[in-house]
Amino acid sequence: MNVLIVEDNHDIAASIYDYLGALGYAVDVAGDGELGLHLALTKDYDVIILDLGLPGIDGYEICQRLRQAEKRSVPVIILTARDSLESRIKGFDSGADDYLTKPFSLKELAARVKIQYERVNPIPTDRL
Ligand code: CA
């Protein structure tokens, strides 16, 4: 599974990178909005973990521009400290599939990544 993390907090990005990497996932990290949008539009990812407050382009706009582009179906999980109802609704209106607030559990994030992946890529019956 290929995962993109768009997160400007280095410690958070590193902890997610390590956790998902230990599960065998291939992980890319973008520390700003410009690089995040560029990678999301040019590489194939199974799941994107997206912070909202980012230098350059914010997470809402990345999500909207992704949905307007041909990569419209890639699952996006917003991961943010913004916990207001308004922020959540705006996230879903931007096209996000899931919304998780900081502080968060790496175990829960990994479970959410997995279920998003499996919704797009059903497990072959011979592997059940
Ligand atoms: Ca941030």
Side-chain angles (χ1 to χ4, degrees):
M1 187 192 318
N2 296 309
V3 178
L4 173 63
I5 304 167
V6 187
E7 169 64 75
D8 62 324
N9 180 309
H10 181 265
D11 291 343
I12 293 175
S15 67
I16 299 170
Y17 180 93
D18 289 347
Y19 195 90
L20 295 183
L23 295 175
Y25 301 167
V27 184
D28 286 345
V29 177
D32 64 69
E34 300 274 356
L35 180 61
L37 181 62
H38 173 73
L39 288 175
L41 288 172
T42 55
K43 291 187 68 177
D44 283 324
Y45 294 103
D46 296 300
V47 179
I48 296 175
I49 299 168
L50 182 62
D51 185 19
L52 287 178
L54 291 163
I57 307 170
D58 77 11
Y60 294 124
E61 187 176 345
I62 289 173
C63 200
Q64 287 164 4
R65 287 171 66 172
L66 207 51
R67 293 306 184 222
Q68 287 159 5
E70 72 272 32
K71 306 265 180 181
R72 62 184 65 228
S73 62
V74 59
V76 173
I77 301 172
I78 288 178
L79 179 64
T80 179
R82 299 180 196 175
D83 62 356
S84 71
L85 177 61
E86 187 182 43
S87 297
R88 290 170 186 269
I89 298 298
K90 191 173 173 187
F92 288 117
D93 282 346
S94 299
D97 299 281
D98 197 3
Y99 194 109
L100 184 61
T101 53
K102 301 168 183 172
F104 65 100
S105 148
L106 285 165
K107 197 171 178 180
E108 181 179 356
L109 176 64
R112 290 177 185 245
V113 166
K114 182 166 173 280
I115 199 69
Q116 290 297 335
Y117 175 77
E118 288 175 356
R119 282 173 61 95
V120 180
N121 304 277
I123 301 167
T125 49
D126 63 357
R127 287 181 48 204
L128 286 175

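The model shown is predicted, which means the values in this text are computed figures rather than measured ones.
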*Can you list the steps and then say if Thr101 with Arg88 is a side-chain contact (heavy atoms from CB on, under 4.5 Å)?*
CA-CA 9 Å; Thr101 53; Arg88 290 170 186 269; 3.6 Å; yes
*Please lay out, stage by stage, how Lys43 and Leu4 fare under the test side-chain contact (heavy atoms from CB on, under 4.5 Å).*
CA-CA 9 Å; Lys43 291 187 68 177; Leu4 173 63; over 6 Å; no
*side-chain contact (heavy atoms from CB on, under 4.5 Å) between Asp51 and Lys102: does it pass, once the steps are laid out?*
CA-CA 10 Å; Asp51 185 19; Lys102 301 168 183 172; 3.3 Å; yes
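The shortest distance between side-chain heavy atoms of Cys63 and Leu50 falls below 4.5 Å. With contacts defined as side-chain heavy-atom distances shorter than 4.5 Å, the pair Tyr99/Leu52 qualifies. Put simply, the side chain of Glu34 does not reach to within 4.5 Å of the side chain of Leu54, judged on heavy atoms. At least one side-chain heavy atom of Arg65 sits under 4.5 Å from a side-chain heavy atom of Ile57.
Hydrophobic clustering of Ile, Leu, Val, Met, Phe, Trp and Tyr side chains at less than 4.5 Å, counting indirect connections, keeps Ile48 apart from Ile115. The hydrophobic cluster containing Tyr60 also contains Phe92, counting ILVMFWY residues as joined when their side-chain heavy atoms lie under 4.5 angstrom apart, directly or transitively.
The shortest heavy-atom contact between Gly53 and Arg82 is CA-NH2, 3.5 Å.
Other cluster members for Val3: Met1, Ile5, Ile12, Ile16, Tyr17, Tyr19, Leu20, Leu23, Tyr25, Val27, Val29, Val47, Ile49, Ile77, Leu79, Leu100, Phe104, Leu106, Leu109, Val113, Tyr117, joined by side-chain heavy-atom distances under 4.5 Å among Ile, Leu, Val, Met, Phe, Trp and Tyr.
Taking 4.0 Å as the cut-off between side-chain N and carboxylate O, Lys114 and Glu118 count as a salt-bridged pair. Comment: Arg119 does not engage Asp97 in a salt bridge, judged by the lack of any side-chain N to carboxylate O separation of less than 4.0 angstrom.
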